[in-house]
Amino acid sequence: MKLRGKVALVSGSSRGIGKAIATSFAKEGASVIVTYRKNYDLAKKVVNNFNDSLIVKLEVTKRESIKSVIKRVIKKYNRIDILVNNAGINKPADVEDVTDRDWDLIMTTNLKGSFMLTQEIFPIMKKQNFGRIINISSVSGQYGGPRTVHYAVSKAGLIALGHCFARFGASYNITSNNIAPGLITTEMGNKMIETKLGKKILSNTLLNRPGTTQEVANMAVFLASDDSSYITGQTFNVNGGLLFS
Ligand code: NDP
């Protein structure tokens, strides 16, 4: 088992990619903090077969919520080895129709939320002289997301955030890397797959299918484990060979 004895917090892990990452971490022996925002019962089902876990309610747009989650985790485990910034939202719209409200909501959730969570956990990782930070960005953040300017910019920002923390954490044995998934079958991904744009994205994907949450989780396990000990400040594309044209 690659993560035995490690304590991992995965934001937004009650469903989708976060759930798959939390489940894979647990299979690899980690104690996993599963966070939900709205639905406790979903989170409860996720941890069903976990050896050791903690379920907490987390709203990443609110610093008080982040602080109170960390307090509970420290009380139980007294450490946090792995942080996965996974919680995120999208609200596709033509650029002319993006409202100030939606811009702020996407930025606050996808970017500021990840920043605040990382900023609060970073001193704990420094004290431990160990940490693994993994940001779930998106192919949209690399090439510009059609119909999602706010989302694309937030995900590009997340890549920069990963680079910054790679720099800040290097002398404390903290690595920080990003995963940029293509189209993945989740509630968020399925909404896109059903659209004309989603079909176009799939037709530009060499493997000619959407990815699975497990395929993203496999990369997260690698980046959380000792197998990636000499890798930091990088972005890994899990996108089936998505070509932008
Ligand atoms: P889902 O919509 O299936 O799940 C999103 C998760 O984030 C949910 O657990 C949700 O909680 C949580 N969340 C949303 N907002 C907040 C918030 N303010 N505070 C705390 N938690 C929150 O999305 P995916 O699993 O598809 O996506 C996961 C990540 O992967 C996202 O960052 C997304 O941008 C990224 N991604 C997804 C792709 C895809 O095709 N699916 C492609 C590329 C990147 P709740 O259930 O309570 O709403």
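All values reported here derive from a predicted model rather than from experimental measurement. In listed order, ligands and their atoms are each counted from 1. All residue numbers refer to positions in the sequence shown, counting from 1.
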Inset, instruction - Given side chain to side chain donor-acceptor pair (under 3.5 Å), test E59 with T61 step by step and report yes or no. - result: CA-CA 6 Å; E59 171 52 70; T61 62; 2.6 Å; yes

Inset, instruction - Compute whether any side-chain donor of one residue and acceptor of the other, for Q128 and N173, lie under 3.5 angstrom apart. - result: no

Inset, instruction - Please tell me if the side chains of N85 and F115 come closer than 4.5 Å, counting only heavy atoms from C-beta onward. - result: no

Legend entry - Identity and distance of the protein heavy atom lying nearest atom 18 (N) of ligand 1: E59 OE2, 2.7 Å

Legend entry - Polar proximity ligand 1 side, T109 side, N/O cut 3.5 Å exclusive: no

Legend entry - Donor on one side chain, acceptor on other, N190 and E194, under 3.5 Å: no

Inset, instruction - Using distance alone, determine whether P181 and ligand 1 share an N or O pair under 3.5 Å. - result: no

Legend entry - Y36, any N or O under 3.5 Å of ligand 1 N or O: no

Legend entry - Test item: V34 and V47 side chains (from C-beta on) under 4.5 Å apart, heavy atoms: yes

Legend entry - Heavy-atom side-chain contact between F25 and V84 under 4.5 Å: yes

Legend entry - Proximity to ligand 1 by part of M192, non-hydrogen separation under 4.0 Å: neither

Legend entry - Polar contact flag for I184 and ligand 1 (N/O pairs, less than 3.5 Å): yes

Legend entry - Cluster check Y143, L242: I/L/V/M/F/W/Y, side chain < 4.5 angstrom: yes

Inset, instruction - Would you check if Y40 and I55 make a side-chain contact, meaning some heavy-atom pair closer than 4.5 Å? - result: yes

Legend entry - Proximal candidate to atom 17 (C) of ligand 1 [heavy atom criterion; set R37, K62, K57]: R37

Inset, instruction - Could you tell me whether V60 and ligand 1 have an N or O pair separated by under 3.5 Å? - result: yes

Inset, instruction - Give the residue and atom name of whichever protein heavy atom lies nearest to atom 5 (C) of ligand 1, and the separation in Å to one decimal. - result: G88 O, 3.8 Å

Legend entry - Minimum non-hydrogen distance to atom 38 (C) of ligand 1, winning option of S14, S114, S11, G182: G182

Legend entry - Any N90 heavy atom less than 4.0 Å from ligand 1: no

Inset, instruction - Provide, to 0.1 Å, the distance between atom 36 (N) of ligand 1 and the closest protein heavy atom, together with that atom's residue and name. - result: Y151 OH, 3.6 Å

Legend entry - Heavy atom of the protein closest to atom 9 (O) of ligand 1 (residue, atom name, distance): G12 O, 3.1 Å

Legend entry - Any S137 heavy atom less than 4.0 Å to ligand 1: yes

Inset, instruction - Heavy-atom distances under 4.0 Å are what count here, so tell me which part of L58 touches ligand 1: side chain, backbone, both or neither. - result: backbone

Legend entry - Cluster check I106, V153: I/L/V/M/F/W/Y, side chain < 4.5 angstrom: no

Inset, instruction - Tell me which one of T186, N86, I21, V46 gets a heavy atom nearest to atom 28 (C) of ligand 1. - result: N86

Legend entry - Side-chain H-bond candidate by donor/acceptor type, Y151 with D102, under 3.5 Å: no

Legend entry - Geometric N/O contact T61 with ligand 1, under 3.5 angstrom: no

Legend entry - Within-cut-off N or O pair, R15 and ligand 1, under 3.5 Å: yes

Legend entry - Distance-only polar pair, side chains of S225 and E28, donor-acceptor under 3.5 Å: no

Inset, instruction - Write out the residue and atom name of the closest protein heavy atom to atom 37 (C) of ligand 1, then the distance separating them to 0.1 Å. - result: I17 CD1, 3.7 Å

Inset, instruction - Answer yes or no for K19: is there a heavy-atom contact with ligand 1 below 4.0 Å? - result: no

Inset, instruction - Establish, yes or no, whether the cationic atom of K6 lies under 6.0 Å from the six-membered ring centre of F130 and within 45° of the ring axis. - result: yes

